[in-house]
Amino acid sequence: MTQSRTAIVTGAARGIGAAIAVRLAQDGFAVGVVDLDESSCTETIAAITSAGGRAIAVGADVSSSADVEAAVRRVTEELGAPTVLVNNAGITRDNLLFKMSDEDWDAVMGVHLRGSFLMSRAVQAHQTEAGWGRVVNLSSVSALGNRGQANYSTAKAGLQGFTKTLAVELGKFGVTANAIAPGFIESEMTAATAERVGVPYEDFKKGAAEQIPVRRVGQPSDIAATVSFLVSEEAGFISGQVIYIAGGPRD
Ligand code: NAP
């Protein structure tokens, strides 16, 4: 990179988002670390700044258009116009269809779909002005269908269509958009799933690893490494793709 660029990573207080934020800071980006609660971002910010990187914590609910506008404005003022966006914030509200409430459905759509839409719409103004940009959306293998996840699976499949449309619309401005679809990644999200089904997390991970061709579960760093490549200069001809990172093939 000739000059420092600014990236925004949502849901970056912990888990996959935190690993992505730290990795992009190592790559030379100034990073807007966005999560629901600004104070929950302390560890991510410390990891970045103690290694000599630049980052600010921004509290925002990505499903609120006022929060998103304010967050992007703050990042622009304090770090410079953001041209890289990683839509990572996510929640699960799992239940079988007949038990899934209206609130479970709306909450998941709100964070994943509305959140990615609002963030992308706000950031594209800076990307198109710069004539360069990168968007990476976090999909999931659940997009292919997963028991108990009608809401999440729909949102993650929707993000794939959203990604392809951004790629088509924004390509002429030098902006690429890609989706990453992780399989089982060690994080609080999969720990919560283990708790929900009543299996100790270590056993849950071991069971998952046995089903994965490379015989291990994924780590947040596996996702961060791929984001690092997709937002790099040399990935400029890759756009509208869905990359499954699951330790084996997926359709
Ligand atoms: P995680 O540990 O649960 O972290 C998600 C982060 O997003 C949390 O810090 C959470 O904040 C934040 N967040 C939730 N709602 C938000 C909102 N409305 N606005 C801003 N931030 C919000 O999850 P993860 O495992 O790192 O997953 C990261 C992404 O990868 C998600 O999109 C997830 O769906 C996807 N993914 C994960 C896996 C996996 O195996 N872990 C697999 C496939 C895809 P709070 O803590 O305050 O709620």
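Indexing begins at 1, ligand by ligand and atom by atom, following the structure's order. Count residues from 1 along the sequence.
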Any salt bridge linking K205 with E202? Criterion: basic side-chain nitrogen under 4.0 Å from a carboxylate oxygen.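 A salt bridge links K205 with E202.
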Would you kindly specify which portion of I185 sits under 4.0 Å from ligand 1, judged on non-hydrogen atoms: side chain, backbone, both or neither? both
Heavy-atom pairs closer than 4.0 Å: do any link ligand 1 to the side chain of V111, the backbone, both, or neither?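 Side chain only.
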Can you tell me if N137 and S116 form a side-chain donor-acceptor pair at under 3.5 Å?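 No, no side-chain donor-acceptor pair sits under 3.5 Å.
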Do you see a donor-acceptor pair shorter than 3.5 Å between the side chains of D94 and T193?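 Absent: no donor and acceptor within the cut-off.
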Considering only the protein, which heavy-atom contact is closest to atom 31 (C) of ligand 1, and what is its distance?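 Result for atom 31 (C) of ligand 1: N88 O, 3.1 Å.
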Identity and separation of the nearest protein heavy atom to atom 36 (N) of ligand 1: Y152 OH, 3.5 Å
I'd like to know whether ligand 1 has [X] as a neighbour, heavy-atom separation below 4.0 Å.
X: G110; answer: no
X: A60; answer: yes
X: D35; answer: yes
X: P220; answer: no
X: T10; answer: no
X: E186; answer: no

Please write out which residues are connected to L144 in a hydrophobic cluster, directly or through intermediates, given that two of Ile, Leu, Val, Met, Phe, Trp, Tyr count as joined at side-chain heavy-atom separations below 4.5 angstrom. V141, V242, Y244
Which of these, I20, V9, L230, sits in a side-chain contact (heavy atoms from CB on, under 4.5 Å) with V136? L230
F184 meets the ring pair (Phe, Tyr, Trp, His ring centres under 6.0 Å) criterion, sequence neighbours left out, with F204
